[in-house]
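Structure record follows, encoded as structure tokens.
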Amino acid sequence: MLQVAFIRDHKDDIIKRLTKRNIDATALINDVINLDEDRRMLQTKLDNTKAESNALSKEIGNLFKSGEPQKANILKEKTTQLKETTKVLELEFNEKVDALNALLYKIPNVPHTSVPNGTSEADNEEIFRDGQIPQLHDGALPHWELAKKYNIIDFELGNKITGAGFPVYIDKGARLQRALIAYFLDKNTKAGYTEYQLPHLVNEASGFGTGQLPDKEGQMYHVTADNLYLIPTAEVPGTNIFRDTLLNESDLPVSITGYTPCFRREAGSYGAHVRGLNRLHQFDKVEIIRVEHPDNSYDAFHAMVNHVKDILIELKLPYRILKLCGADVTFASALTYDFEVFSTAQDRWLEISSISNFETFQANRLKLRFKNSEGKNEFCHTLNGSSLALPRVLAGILENCQTEDGIKIPEALVPYTGFDIIS
RNA sequence: GGAGAGUUGGCAGAGUGGUCGAAUGCGGCAGUCUUGAAAACUGUUGAGGGUCACACCUCCAGGGGUUCGAAUCCCUUACUCUCCGCCA
């Protein structure tokens with residue numbers, strides 16, 4: 001969330017930049033500022049009452065020591081009154097704070113100046129495209145048909161065991177999954193990311209830390225018996241490593257990577273677009289996360305983009321990069337680039353990675369700070385991205401690499417799969 | 001699951017009702033010395049709110065209570081450790 005002090009100081013600029021998200025935040029921002037003013041007024045009142053009461057308590061202590069209990073008892077009555085006042089003020093104060101926080105949770109991050117205007121995903125700006133879209137032979141199939149033909153993914157079996165969106169990978173399909181995970185992790189660690197194995201369930205505090213709670217609660221699977229949530233992405237446990245931490249400036253940047261399965265309820269999704277691997281309740285993803293000095297976060301952002309580019313070039317997959325427009329940039333993000341791989345047999349682009357700079361938006365919630373060169377505590381910038389999400393990369397490989405003889409595994413993966421064709 | 005012990009500043013670790021926002025050490029920062037660095041020595045150093053700046057307020061795992069006054073006493077939740085049980 002945004003900091004109140006920041007809102008106070010940059011009110012007009014924030015309202016202006018939020019119009020990129022097609023929202024008029026004027027009323028919201030004004031409410032925040034008014035509530036904050038009320039809060040401060042109450043705080044002063046409350047503090048003064050407490051100060052008086054503290055002073056009296058000290059006096060009482062001294063009177064008892066010097067053997068004047070009568071005088072002390074008179075003062076005691078006074079403190080009782082002050083206590084009543086304190087209680088009333090505290091109640092009011094807490095109401096203001098709660099109301100203020102409720103509003104702050106509603107304000108999305110301020111988009112970066114380079115974010116294009118737009119009203120829907122159609123306005124996302126394609127900024128880069130690379131890789132050859134292959135000419136497929138007659139009778140080329142979409143990936144779910146290929147999966148059946150070569151018996152490498154069984155969607156119906158997943159239905160039986162769990163439900164829709166929980167596919168079962170078999171034989172070379174399973175091996176290819178494992179190969180992709182290992183390959184991505186190797187690429188990431190070679191680029192300087194430290195590998196982590198993270199929990200797949202998180203507590204409530206972590207859900208709040210990265211912003212899944214309180215609003216997107218319905219998107220996560222909730223284990224009510226223990227009040228834990230299945231992670232929708234490694235971003236949640238990975239970023240919460242840094243919740244409530246104060247780093248030294250020399251600790252920055254921090255770069256980590258981790259493979260986890262991801263669980264998403266995807267309530268309300270249905271239809272042709274969710275066919276096959278396009279949208280799942282459980283899928284695998286390798287994530288990269290960075291904690292950066294504010295001065296360096298956009299350099300880091302572009303380094304992450306280039307890193308993912310390198311991987312896709314090596315896999316020889318046709319892809320493009322979209323700069324998300326104001327309507328499509330996620331709530332917490334200031335700038336997001338989406339990577340999409342072309343699904344030839346479906347004749348559509350599939351999102352396989354999303355790289356975002358959250359600036360201080362997440363760090364504020366997480367209380368993730370570093371001590372700067374002046375000795376002051378400053379919020380870090382956080383970034384993350386997929387490097388990469390498995391199912392749609394798999395779909396891309398199956399569809400783009402299909403030949404009449406079978407599916408040719410990209411060369412870079414062969415050392416990991418141990419085979420070069422699925423036939 | 002049962003019994004016991006614990007949770008204090010960036011870290012380690014003292015502190016059992018007022019003189020404690022908190023000893024000490026490490027780490028950080030600044031300085032002295034040095035060609036420079038290291039070592040040594042000296043000083044400085046928790047966080048948040050509030051203020052033009054001070055004052056002042058809050059914070060000793062989270063929540064609640066007792067008391068004029070709580071890091072300290074009581075209740076409760078979470079977590080950690082030890083022992084026992086179960087177990088890949």
Side-chain angles (χ1 to χ4, degrees), chain A residues 1-9 32-101 104 197-209 213-214 222-229 237 240-254 291 293 360 363-380:
Chain A
M1 56 187 187
L2 299 173
Q3 294 132 263
V4 179
F6 178 76
I7 293 175
R8 233 188 287 155
D9 295 345
V32 165
I33 291 176
N34 290 334
L35 271 173
D36 181 53
E37 234 162 68
D38 292 352
R39 191 212 95 228
R40 269 145 72 207
M41 212 182 62
L42 277 170
Q43 174 118 52
T44 309
K45 266 195 204 171
L46 185 61
D47 285 358
N48 289 340
T49 313
K50 280 181 175 171
E52 206 179 322
S53 167
N54 287 346
L56 283 175
S57 290
K58 241 175 217 169
E59 223 177 298
I60 290 167
N62 289 333
L63 285 173
F64 273 122
K65 252 184 226 167
S66 59
E68 299 172 90
Q70 279 92 1
K71 277 189 185 173
N73 283 327
I74 293 167
L75 292 185
K76 267 197 198 178
E77 275 176 41
K78 249 190 179 171
T79 57
T80 315
Q81 283 170 25
L82 286 174
K83 235 180 161 179
E84 298 286 317
T85 315
T86 307
K87 256 191 190 154
V88 174
L89 285 173
E90 238 161 27
L91 224 67
E92 260 182 88
F93 176 74
N94 288 336
E95 268 172 32
K96 290 288 177 201
V97 171
D98 290 347
L100 182 59
N101 281 334
L104 287 173
Q197 275 204 7
L198 296 158
H200 301 167
L201 285 94
V202 294
N203 59 27
E204 220 171 23
S206 292
F208 274 98
L213 298 175
H222 186 194
V223 181
T224 51
D226 297 291
N227 197 25
L228 297 172
Y229 294 87
N240 272 284
I241 292 171
F242 305 102
R243 173 153 48 84
D244 292 320
T245 48
L246 179 59
L247 298 168
N248 290 317
E249 196 167 15
S250 57
D251 294 333
L252 299 174
V254 183
V291 180
H293 191 287
T360 61
N364 186 30
R365 261 203 196 192
L366 290 164
K367 294 202 188 74
L368 164 56
R369 296 157 302 165
F370 70 99
K371 207 169 263 298
N372 67 20
S373 48
E374 289 157 21
K376 290 219 167 179
N377 296 332
E378 210 180 313
F379 285 113
C380 303

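Because the structure is a prediction, the values reported are computed rather than measured.
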Interatomic distance where [atom1] belongs to [X] and [atom2] belongs to [N] [whole Å]:
X: A:Q70; N: B:C68; atom1: CD; atom2: P; answer: 17 Å
X: A:N248; N: B:G46; atom1: CG; atom2: C1'; answer: 13 Å
X: A:F379; N: B:A47; atom1: CZ; atom2: P; answer: 13 Å
X: A:K376; N: B:U45; atom1: NZ; atom2: P; answer: 15 Å
X: A:L252; N: B:G10; atom1: CG; atom2: P; answer: 16 Å
X: A:D251; N: B:C11; atom1: CG; atom2: P; answer: 12 Å
X: A:K76; N: B:G18; atom1: NZ; atom2: C1'; answer: 13 Å
X: A:F64; N: B:G69; atom1: CZ; atom2: P; answer: 12 Å

What is the pairing partner of [N], taking Watson-Crick or G-U wobble pairs with both distances under 3.5 Å in any strand?
N: B:U66; result: none
N: B:C54; result: none
N: B:U19; result: none
N: B:C41; result: B:G31
N: B:C81; result: B:G4
N: B:U72; result: none

message: Both A:S53 and A:G61 contact RNA chain B. Taking the nearest nucleotide for each, which residue is further toward the 5' end?
response: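 Here A:G61 is the residue nearer the 5' end.
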
message: Return whichever of A:L56 or A:K371 has its heavy-atom-nearest nucleotide of RNA chain B closer to the 5' end.
response: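 Mapping each residue to its closest nucleotide by heavy atoms, the 5'-most match is A:K371.
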
message: For A:D251, is there any backbone N or O sitting under 3.5 Å from a side-chain donor or acceptor partner on A:N248?
response: no

message: Between A:N101 (side chain only) and A:D98 (backbone N and O only), is there a donor and an acceptor less than 3.5 Å apart?
response: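 It does not hold such a pair.
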
message: Taking the basic N atoms (NZ, or NE/NH1/NH2) and the acidic carboxylate oxygens, is any pair closer than 4.0 Å for A:D36 and A:R39?
response: yes

query: With a non-hydrogen cut-off below 4.0 angstrom, is A:K78 in contact with a base, only sugar-phosphate, or nothing?
result: nothing

- prompt: How about A:K371: does its NZ atom have over 12 heavy atoms from other parts shown lying under 6.0 Å from it?
  reply: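 Enclosed: over 12 neighbouring heavy atoms sit under 6.0 Å from NZ of A:K371.
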
message: In terms of relative ring orientation, are A:Y229 and A:H222 parallel, tilted or perpendicular, with 30° and 60° separating the classes?
response: parallel

task: State which residues pass side chain to side chain donor-acceptor pair (under 3.5 Å) with A:N372; sequence neighbours excluded, sorted by chain then number.
output: A:E378

- prompt: What heavy-atom pair brings A:N240 and A:A205 nearest, and what distance separates the two atoms?
  reply: OD1-O, 4.2 Å

- prompt: In B/S/- notation, 5' to 3', how is nucleotides 48-59 of chain B contacted by protein heavy atoms closer than 4.0 Å?
  reply: SBSS----SSS-

